[in-house]
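Below, read A as the first sequence line, B as the second, and so on, with proteins coming before strands; counting in each chain starts at 1. All values below were derived from every heavy atom in this structure, side-chain atoms included, with hydrogens, water molecules and symmetry-related copies excluded.
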Amino acid sequence: MIQTFKEIYDYREMIFSLVRKELRGRYKGSALGFMWTFINPLLQLMVYTVVFSVIMKAGIDKYYIFLFVALVPWMFFSSALTGGASCIMASQDMVKKIYFPREVLPIAYITSGFVNMLLTFLVVFAVLIISGFGINPVALLFMPIIMIIEYLLAIGIAFLASALSVYFRDLQYILSIISMAWQFLTPVMYSQEMVEKQLAHHPMLLRLWNLNPTTPMINAYRDILYYQRIPELKTLIAAIIMGVVVLLVGLIVFGKLKRGFAEQF
Amino acid sequence: MNKENAIEVRDVKKTFKVYYDKGTQLKEKLLFWNRNKYERREVLKGISFDVKKGEVVGLIGHNGCGKSTTLKLLTRIIYPDSGSVEMKGRVSSLIELGAGFHPDMSGRENIYTNASIFGLSRKEIDSRIQDIIDFSEIEEFIDNPVRTYSSGMYMRLAFSVAINVDADILLIDEILGVGDAGFQTKCFNKLREIKQQGTTIVIVSHAMGQIEQICDRSIWIHEGLIKADGTPREVHPLYMDYMIEERKRIEEKELKKKRESGEIFEEDLVEENNGAANNMRWGNFYSKFKKVQLFDKEDKEITSFSTGDSVRIHAEYECRKTITDMVFGFGIYTLDDVWVYGSNTMIDRGENFVVEKDGSFDVILKDVPIMPGKYRIDVSLESASAVTVDFWRDTLDFTVYSIIDDRGIFRIEHDWKTQA
């Protein structure tokens, strides 16, 4: 395991260059180019605002912000699941013909998604400030922690999804359904309180529901940006533990499966 | 691992599953788990060898013998079923050139990407980039997108990166075909330079000449096992002999098949064939060739032989009308119709014959010095008064092989006297 970490570190330049290639290549050839990284979330935010404050009024104050601060990290996570699944297959020419630590591919894919999320958050901050919603600077200090946790969680998930997809090609399609279901099982469009109220008489179900590793993470984002408060220690610790567990499981499974990648293509 | 060794391969076995109808979909895996019929193909049956630091080794063998699999195991793209492969130091491979090149990025940016795939850090790339650009000879285009490059430029750039990695172990699979002749020479010289610096190199190639020029040692892999291991001078003749035997065997099999299906010696070529309709055979056919064969010294029918071997052309004919002054002749041509040699009984011995019944003649060709290639034989029956009885072009093809890599049309026996 330590050997693997060392090797990944030796290949850090490969990760950087893959990320650069991914980010620069994404909007290549379009007229607005890299600006799409900002325009895209801004337009999405406008759609949500119109839908939820004019057409379908939700019972939550400033629902579009409530939704959006959770949706941005969720989209990053779900791309780790669905896009991450195909990242080994997308580079099969390289995998077939050249040696490098295979972990580099999912790590680079997730890292470019992560950078993309950071840029999207610039839009979120701009909206929060311009709309007068405001930001709590003290709570904001916890942002990097939760982002790093999500980053590790996403890498763990991408390890699992990408390695398994090489052996079961259907998985990548199944995962897009799983990703949708997972979104509904995570408090992205609704709040944690609503679930706790619903499941008040079913403590077992509630405990089960709380085992979802994305739940504490999304709650922490919403605490910081929407409720503008420091996330509860309980939430943070739960998020850290789950992130690390998923990462380790992903790393071990990936390590077992990667030896056979080249023979699967 | 022994300190002197750069590579240690110990009893490596590798079997591939060859699926008849592979189901990779989950549905197929679940529903038809027993339908995934496959055949196990044992590619490597237990190979062990060491490569010392700084040694340059060539892996040879016919297609499918397992040499490329061995190289892939060394690259760590695939892993052995049992046994171990140990390597010491940074490994670079000239197997996939230009891995990860992005067409929209400039040559310079692609150098960074590509070199990073070999595990170089940014600092290491910075210190090498000028060497890489110089070697690739595309200085002036280095900041243009790679998609604007010609394929030659593309390969040159890719080769330059791979060869400037400064690896401890360099693995090469048939790559010395990059670019024009000038660049190839340059690559070859660069390889020599790298060898001088003490890099361990393993090459897979079919070009025996190249291996002889650069390798200290050849390993001949045959059907998944090492058949011979030694200096190229010792191993290559063994390998070439085997290849010639193998080729003979295959061609004889084909010959037999053709003969059985009656393709070769048609009993009666239609008389009307003389003239323009078929300019492969003409004459008045008073006598007619029945069959023409080539034999080696042991009287075995052959279609190929090695430069310097003695062979015998045997021709049988049937007689339809008596001819009193028959002259037998033969000719040898290259496939592009260069007349290599020809003669007849009149020229050689001033002889002609009375032909009243079926018969045959033999021409014994001694120590045939023609160089490797494909040739064809013509045979002729003529009267001394120059009336063509049966002139049959292209009766037979044969192939000449050689283990010596000299050039030209004929092998001229020679000696060297040098005063160096």
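Between the OG atom of Ser116(B) and the CZ atom of Arg20(A) there is a distance of 8.0 Å, given to the nearest 0.5 Å. We find the OG-CD1 distance between Ser91(A) and Ile117(B) to be 8.5 Å, quoted to the nearest 0.5 Å. From Leu120(B), atom CG reaches atom OH of Tyr11(A) across 9.0 Å, with rounding to the nearest 0.5 Å. Here the straight-line distance linking atom CE of Met94(A) with atom CG of Asn114(B) works out to 9.0 Å at 0.5 Å rounding.
Interface summary for chain B: among Glu7(A), Arg102(A), Met14(A), the most heavy-atom pairs under 4.5 angstrom belong to Met14(A).
Of the two parts of Val104(A), neither the backbone nor the side chain holds a non-hydrogen atom closer than 4.5 Å to a non-hydrogen atom of chain B. The contact between Lys14(B) and chain A is made entirely by side chain atoms (from C-beta outward), counting heavy-atom distances below 4.5 Å. Glu124(B) does not touch chain A: none of its heavy atoms, backbone or side chain, sits under 4.5 Å away.
Atom CZ of Arg41(B) sits in a sparse spot, with 12 or fewer heavy atoms from other residues, nucleotides or ligands closer than 6.0 Å. By the neighbour-count criterion of 12 heavy atoms within 6.0 Å, atom CD of Gln3(A) is sparsely surrounded, having that number or fewer from other residues, nucleotides or ligands. Counting heavy atoms of neighbouring residues, nucleotides and ligands inside a 6.0 Å radius, atom OH of Tyr173(A) does not exceed 12 of them. Remark: Met1(A) CE is packed, more than 12 non-hydrogen atoms of other residues, nucleotides or ligands lying under 6.0 Å away.
Among all heavy-atom pairs drawn from Ser121(B) and Arg12(A), the shortest one is CB-NH2, 3.9 Å.
Interface with chain A: from residues 67-80 of chain B, residues Thr75(B), Arg76(B), Ile77(B), Ile78(B), Tyr79(B) qualify, criterion being any non-hydrogen pair under 4.5 Å.
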